[in-house]
Amino acid sequence: MSGPKLNITDSRTGRSYELDITHSTVPAIGLRQIREDPEEFGMLSYDPGYTNTASCTSRITYIDGGKGILRYRGYPIEQLAKQCSYTEVAHLLLNGDLPTQSELDAWDTEIMEHSMVHENIKKFMDGFLHDAHPMGVLVSTVAAMSTFYPDAKDIASKRNRSRQQIRLIGKMPTIAAYAYRKSQGHPYADPNWDLGYAENFIHMLWTGTRRQPKPAQSAVLAKALDTLFVLHADHEQNCSTSTMRQVGSSHADPYVSLSAAAAALYGPLHGGASEAVLSMLDEIGSLDKIPEFIKQVKAGERRLMGFGHRVYKNYDPRARIISRIADEVFEVTGRNPKIDLAKELERIALEDDYFVKRRLYPNVDFYSGIIYQAMGFAPEMFTVLFAIGRTVGWLAHWEEMMSDPELRISRPRQLYLGPGERTLVPIDQRLEEAQEKVS
Ligand code: ACO
C-alpha cells in the first residue's frame, strides 16, 4: 500500500519493518510481526495509563491540550457555554448537530417525560444509610436500573439504544436529587415536567425545604448549573468515558456500563477532585498557611488537588469559564470566602517553578466545588453534579462505539514479568520448602 510509512529497524536482528501511518498513528498490531525468534509472540507496545495510545476513533470532542482548546462536534466550548442550554448540547453530542427550535422542544419534552423514576427505585434508595455517600448511592442505583429496564439488553437496536439514552438523561437528576434528599432526611420530590432541566433539578433538590431559593435566585442558580453541566458534558477518552466504552464493549447494557463509568468518576484523581479540593482548602484554612502547603506539594508529600491534567498542559478552558460563573453565583448567594484562598493558591502555584516546569494549571475541578458550596451543596454532592453533566458524554461515546464497525471487546495485553513455570509443592511440604529458601 502506498502512503506514509514508519520504518523500524530491530537492532537485535537487523531486520526492517514498515508500518502504515494514518492520521499520525501507526497500528499497534503492526508491531506483532517484529520477532527475534519465529516462536515468539511478537512485539507489543507498552503504555501504562494509556498515555500515548488511541483506543478508538471518535468524532465527538476535540481537545488540544497544549493550546487549551476544547470543542464539542467542532463548536468551541466558550460559545456553547454562553449560548446553549445543556439539553441543546446533549442533542449535539448524541446526534451530531445542534437542534432547531422545534427539534429542541420535542427533545426537551421527551427528556422531561422520562424524569420520573419507578416507585421501587425510591424504595431501593431507602435502603441506604442516611449518611451513605451520594456517589455510592448514584452508582448503585444506576446499576439497579438495569433490572427495571431489561429491554435495554437489546443493544443492537439503535431505536432501543436511543430510548435508554433519553431515559438516563431524564432520570439522572432525579436520582441525584433523591440521593441528596435522602442524606438530608427529606421526602423525595416528584419532578415537574413544566420546568427546564436544571430548574427541575433545583426544584427536586430543595422544594419544601428551608433552602428553597427565591424565584430570582433560582433562575441564576439554574443558569449556572446548566452551564456547569455543559462544561462537564464530555471530555473525550477520560478515565470514566473509557470505562463506559470498556464495559460497553462486552455488550453489557447501558445502565451497568454507565454505573461503572460513574464509579470511575468517583475517584479523587478524576471527578472526585472537586470534593478533594474543598477538603484541601478547609485543611489549609488561611492565606498564611499556603506557603507551607505548597512546600509539602513540592516535596511530593501532597498533591495540589484541582491542578494538573493528563491532556491540558495549558489553562483548562473550562476553569476560565467557571471562574466567571462563580462571580454570577456569588451575587445571589453571597461570596464563598474559599475563593480568595483558591485564587491565592493559583497565583502562587502559577509563579512557582515546580508547577511551571510540569505545566500544571487549574483544571475544571479547582473552582467548581467553591461554586457548588456557595449554592448550598455539601462536598459529597459535587461529583454527583459532575455525573449528571457527563451522562450525555458517556452515552454519546457508547452510541458511537456501538455503531463503530471496528468495535471489538476491550481487552488489553500485559507484559508478564512473573515467575516461569514452577512445580507445585504439596501443602504439607511448603513450610519446609520456605525454611530451606531462607537458610
Ligand atoms: N500536584 C502536584 N504535583 C502534580 C500534580 C498535582 N496536582 N499533578 C501532577 N503533578 C506532578 C507529578 O508529581 C509529576 O511530577 P514528576 O514528573 O516530578 O514525577 C508530574 O506532575 C506529572 O504528573 P502525573 O501524575 O504523571 O500526570 P498524570 O497525567 O498521570 O495525572 C492527574 C494527571 C491525575 C490529573 C494529576 O495531575 C493529578 O493527580 N491532579 C490532582 C487531581 C485532580 O485535580 N484531578 C482532576 C483532573 S480533571 C478531571 O478528571 C475531571
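A quick note: this is a predicted structure, and the numbers were derived from the prediction, not measured. For ligands, and for the atoms within them, numbers begin at 1 and follow the listed sequence. Atoms considered below: every heavy atom in the structure, side chains included; atoms not considered: hydrogens, waters and symmetry mates.
For ligand 1, the polar-atom distance check finds an N/O of Phe307 within less than 3.5 Å of one of the ligand's N/O atoms. Not a single N or O atom of Arg318, backbone or side chain, sits closer than 3.5 Å to an N or O atom of ligand 1. Distances between N or O atoms of Arg302 and those of ligand 1 include no value under 3.5 Å. The shortest N/O to N/O separation between Gly271 and ligand 1 does not fall below 3.5 Å.
Distance remark: protein heavy atom not present below 4.0 angstrom from atom 22 (C) of ligand 1. Under the 4.0 Å distance rule, the nearest protein heavy atom to atom 45 (N) of ligand 1 falls inside the cut-off. In this structure, atom 26 (O) of ligand 1 has its sub-4.0 angstrom surroundings free of protein heavy atoms.
For Tyr149 and His118, the gap between ring centers reaches or exceeds 6.0 Å. Taking the centre of each ring, Phe366 and Phe307 come in below the 6.0 Å mark.
Taking the six-membered ring where the residue is Trp, Tyr197 and Phe229 present perpendicular rings, their angle passing 60° and hence far from 30°.
By the criterion of a heavy-atom distance under 4.0 Å, neither the backbone nor the side chain of His235 is placed next to ligand 1. No part of Val277 comes within 4.0 Å of ligand 1, judged by heavy-atom distances. Only side-chain heavy atoms of Tyr354 come within less than 4.0 Å of ligand 1; its backbone N, CA, C and O stay farther off.
Among the candidates Leu70, Leu228, Asp316, the single residue satisfying the side chain to side chain contact (heavy atoms under 4.5 Å, CB included) test with Val364 is Asp316.
Remark: Arg59 CZ is loosely packed, at most 12 non-hydrogen atoms of other residues, nucleotides or ligands lying under 6.0 Å away.
Pairs passing the side-chain hydrogen bond (donor to acceptor under 3.5 Å, both in side chains) check and including a residue from residues 173-186, sequence neighbours excluded, read Tyr180-Trp206.
The protein non-hydrogen atom at the shortest distance from atom 17 (O) of ligand 1 is Arg358 NE, 4.0 Å.
Residue contact check for ligand 1: Leu269 places a non-hydrogen atom closer than 4.0 Å to it.
With Tyr315 as the aromatic partner, Arg320 meets the cation-pi criteria of under 6.0 angstrom to the ring centre and within 45 degrees of the ring axis.
Every atom of ligand 1 is numbered from 1 in the order shown, and the set under 4.0 Å from a heavy atom of Gly306 is 43 (C), 44 (O).
For Tyr367 and Glu346, the side-chain atoms include at least one donor-acceptor pair closer than 3.5 Å.
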